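First up is the structure itself, then whatever we jot down about it.
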Amino acid sequence: MKILVLLIAAVTLGVGFWSALAPGVDAEQRAAIPDGPVRTSYIIDGIRRRFSEKGHPTDTLKIDSATRWLNSDQTALSGIQYVTSGNLGEIWDIRATDGVFFEDRNELALTNGVVIDEHYQDARMTTQAMRLSMDQKLATGEHRVVLTGRGSRTTGSAFRVDLRTNKATLIGDVQTNYE
């Protein structure tokens, strides 16, 4: 019994001695929390692949980075590449420097220079910004667009591209030059 009392006293004395030597801690001190938006997730070098019901790949979205903010339904993206195919096997390759992904609509708003390549027809469209509905495979833009193909260059002030049917429609001030 005396050993138990001595052991408890030794432990108590050791804890007291340790507490006296340890640096003081201010229990009220808290880390500063910025007033700005809080990042909830961040991705570097991400790839999202979607598949059909039969298991075939339908589209691929590659990004250099993504940032999602607290209480936001938007994800900011950079270094974006979206690849999908049309009904007849056409391959669409869409690239942009920046964009925003709206997950609830499965939609991209691409900015800072957008390039759309259709490899089968060897066609390329360039524009400053556009919206891409990935479910409908529909790209629309209300900025100047340049469409180049085999021997021609067409410009317009807006466009609509149905990626399923391989149909591009240029709207407003459309001009074509042939080489």
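A quick note: this is a predicted structure, and the numbers were derived from the prediction, not measured.
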So do the side chains of [X] and [Y] get within less than 4.5 Å of each other, counting heavy atoms only?
X      : Y      : value
Leu132 : Met130 : yes
Gln128 : Val114 : no
Gln74  : Phe101 : no
Arg131 : Arg105 : yes
Leu61  : Ile80  : yes
Tyr82  : Thr60  : no
Leu170 : Met125 : yes
Asn106 : Arg50  : yes

List the steps, then state whether side-chain contact (heavy atoms from CB on, under 4.5 Å) holds for Phe159 with Thr127. CA-CA 9 Å; Phe159 68 94; Thr127 187; 3.8 Å; yes

Taking atom OH of Tyr178 as the centre, does the number of heavy atoms from other residues, nucleotides or ligands within less than 6.0 Å exceed 12? no

Whether over 12 other heavy atoms sit under 6.0 Å from Asp173 CG: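 Counting neighbours around CG of Asp173, 12 or fewer heavy atoms of other residues, nucleotides or ligands fall under 6.0 Å, so no.
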
Taken to the nearest 0.5 Å, the spacing of Glu53 CD from Thr58 OG1 works out to 11.0 Å

Inter-residue atom distance Ser65.OG - Ile43.CD1, 0.5 Å rounding: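 Result: 9.5 Å between the selected atoms.
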
Backbone of [Y] reached by a side-chain donor or acceptor of [X] within 3.5 Å:
X      : Y      : answer
Ser157 : Gly172 : yes
Lys137 : Ser85  : yes
Thr97  : Asn112 : yes

Without placing hydrogens or testing angles, list every side-chain donor-acceptor pair under 3.5 Å for residues 147-155, not counting sequence neighbours.
{"residue": "Thr148", "atom": "OG1", "partner": "Arg124", "partner atom": "O", "Å": "3.4"}
{"residue": "Arg150", "atom": "NH2", "partner": "Tyr120", "partner atom": "O", "Å": "3.1"}
{"residue": "Thr154", "atom": "OG1", "partner": "Thr176", "partner atom": "OG1", "Å": "3.0"}

Quick check: closest heavy atoms across Gly99 and Thr111, and the distance to 0.1 Å?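 Result for this residue pair: N-OG1, 4.1 Å.
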
When you check the gap from the basic side-chain N to the acidic O, do Lys167 and Asp162 get nearer than 4.0 Å?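 A salt bridge is absent here (no side-chain N lies under 4.0 Å from a carboxylate O).
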
Salt bridge or not between Glu103 and Arg68? Use side-chain N to carboxylate O under 4.0 Å. yes

Check the pair Arg48, Met134 against side-chain contact (heavy atoms from CB on, under 4.5 Å), reporting the backbone distance first and the verdict last. CA-CA 12 Å; Arg48 182 189 85 161; Met134 291 183 278; 3.6 Å; yes

Hydrophobic cluster membership, Ile116 vs Val174, 4.5 Å side-chain cutoff: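 Shared cluster, yes.
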
Determine all donor-acceptor pairs shorter than 3.5 Å in which one atom belongs to a side chain in residues 88-96; sequence neighbours excluded.
{"residue": "Glu90", "atom": "OE1", "partner": "Leu88", "partner atom": "N", "Å": "3.4"}
{"residue": "Trp92", "atom": "NE1", "partner": "Leu163", "partner atom": "O", "Å": "3.1"}
{"residue": "Asp93", "atom": "OD1", "partner": "Gln81", "partner atom": "NE2", "Å": "3.0"}
{"residue": "Asp93", "atom": "OD1", "partner": "Arg95", "partner atom": "NH1", "Å": "3.4"}
{"residue": "Asp93", "atom": "OD2", "partner": "Gln81", "partner atom": "NE2", "Å": "3.3"}
{"residue": "Asp93", "atom": "OD2", "partner": "Arg95", "partner atom": "NH1", "Å": "3.3"}
{"residue": "Arg95", "atom": "NH1", "partner": "Asp117", "partner atom": "OD2", "Å": "3.2"}
{"residue": "Arg95", "atom": "NH2", "partner": "Asp117", "partner atom": "OD2", "Å": "2.9"}

